[in-house]
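In each ligand, atom 1 is the first atom listed, and ligand 1 is the first ligand listed. Atoms considered below: every heavy atom in the structure, side chains included; atoms not considered: hydrogens, waters and symmetry mates.
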Amino acid sequence: MEAPRRAANRQKQRSRRFWLIVAVVVFVVLIVVIVPTAVILSGRHSSKGLASSLILPLYIYPVNDAWQPLWNALNTTSDLNYTIIVNPESGPGNTSLPNDDYLPAIQRLNTFPNVRTVGYVRTGYGTRNISDVLRDVETFSGWADSNQGIQMHGIFFDEAPYQYSAEIAQYMQRANDAVRDASGIQGDKTIIHNPGVIPDEGLALNTTDITVVFEQSFEEYRSLENDLTSLSGDRSQYSFMVHSVPAKKNLQNFVDNLSRHAEYLFVTTSSSNYYEKFGARWREFTQAVPT
Ligand SMILES: *[C@@H]1O[C@H](CO)[C@@H](O)[C@H](O)[C@H]1NC(C)=O
Ligand SMILES: *[C@@H]1O[C@H](CO)[C@@H](O)[C@H](O)[C@H]1NC(C)=O
Ligand SMILES: *[C@@H]1O[C@H](CO)[C@@H](O)[C@H](O)[C@H]1NC(C)=O
Ligand SMILES: *[C@@H]1O[C@H](CO)[C@@H](O)[C@H](O)[C@H]1NC(C)=O
Ligand SMILES: *[C@@H]1O[C@H](CO)[C@@H](O)[C@H](O)[C@H]1NC(C)=O
Ligand SMILES: *[C@@H]1O[C@H](CO)[C@@H](O)[C@H](O)[C@H]1NC(C)=O
């Protein structure tokens, strides 16, 4: 008879489907439980990159909770070193001390053992009056004399020149020497130049500690990757700052890649005012930097 066999087949099919559904549910539950647990337990150790530091152009006014994402990150990634660029007014400002919003914020930054604060000084690609540059360095140095815990540990020279001339090299040498000689710049007196591109060889001064050789978008990084990954110096001399990273890009792999060629990294998905806000994947980035 046909009918009973069909019924038995249907029964068998139903039972098979039942077990299939059970298997899928068990699999999904395992994935949902095991994968996040593994990620949490292994954390950044799943990284295949080289130990690096996060360099942060912090051009955000410290009002209300504007720096909260930073405070959170400093607490949760205490094994990661941060070099933080302090920039009240495209420089230290014209008063001898930072204002009442900045002063306590800088004090708090300096309480973290994993933070190195450096002051922002613009050089206008070597066109800014050198007296103004030296005065800005002096102002930052003076912050230490206030004994309020707002000392800087180096200077970040923004808009650093990339085209060599003897005058320009001498200009940057004077700027570097001013940092070395400044009594109030503390710690290693880290000197950073930011030409944003690979500078001419004659501008690679031996008193410069770190050079930002890339400060552009993710797309531009891809087109310049060959040049950037074949630089001759040690990666401890280089910083890459990459903006406009696609929202869906695998951040861990990308940061791992960058870390093999530069030790000081900044990456953001923001495509405008990159340094005036914490990007959408800021927290993820802080956890992706290999230590
Ligand atoms: C960070 O940790 C310190 C102690 O380690 C604590 O006093 C502080 O409140 C924490 N801050 C945040 C924002 O979690
Ligand atoms: C800083 O000094 C310049 C001129 O030297 C002046 O135009 C500017 O208003 C000053 N800024 C502040 C905040 O005092
Ligand atoms: C640079 O600044 C100094 C001091 O303020 C001034 O004496 C000098 O004339 C300025 N140089 C130029 C080229 O503006
Ligand atoms: C750094 O460079 C200057 C001149 O460019 C040279 O006189 C000096 O010896 C160099 N110092 C070191 C430590 O290489
Ligand atoms: C990392 O670099 C490798 C080659 O070195 C490349 O194939 C890969 O696409 C890069 N990954 C990311 C996420 O950029
Ligand atoms: C962080 O900085 C401290 C002090 O300079 C240094 O001893 C330590 O090795 C650094 N850690 C990493 C992961 O670079």
| message | Out of I130, V133, T127, N129, who is nearest to atom 3 (C) of ligand 3 when you count heavy atoms only? | response | N129
| query | With a 4.0 Å cut-off, would you call R180 and D209 a salt bridge? | reply | yes
| query | Are any of the N or O atoms of D132 closer than 3.5 Å to those of ligand 3? | reply | no
| Is at least one protein non-hydrogen atom found at under 4.0 angstrom from atom 12 (C) of ligand 5? | yes
| Is the closest protein non-hydrogen atom to atom 9 (O) of ligand 6 under 4.0 Å? | no
| said: Please tell me whether N194 and D158 have a donor and an acceptor in their side chains that are separated by less than 3.5 angstrom. | reply: yes
| field | Member of V115, N110, T190 meeting the side chain to side chain contact (heavy atoms under 4.5 Å, CB included) criterion with H153 | value | N110
Check: [Y] and [X] side chains under 4.5 Å, non-hydrogen atoms:
X    : Y    : answer
L231 : H261 : no
F254 : V245 : yes
M172 : F157 : yes

| message | Need the ligand 5 atom indices (1-based, order shown) with element for anything under 4.0 Å from a heavy-atom of N253. | response | 13 (C)
| said: Under 4.0 Å from a heavy atom of F254: which atoms of ligand 5 are those, numbered in the order shown and with their elements? | reply: 13 (C), 14 (O)
| note | among protein heavy atoms, the one nearest atom 5 (O) of ligand 3 is S131 CB, 4.6 Å
| field | atom 2 (O) of ligand 5: the protein heavy-atom neighbour that sits closest, reported with distance to 0.1 Å | value | N257 ND2, 2.3 Å
| request: Please say whether N81 places an N or O atom under 3.5 Å from an N or O atom belonging to ligand 6. | output: yes
| message | Are Y264 and Y238, when compared by the centres of their aromatic rings, separated by less than 6.0 Å? | response | no
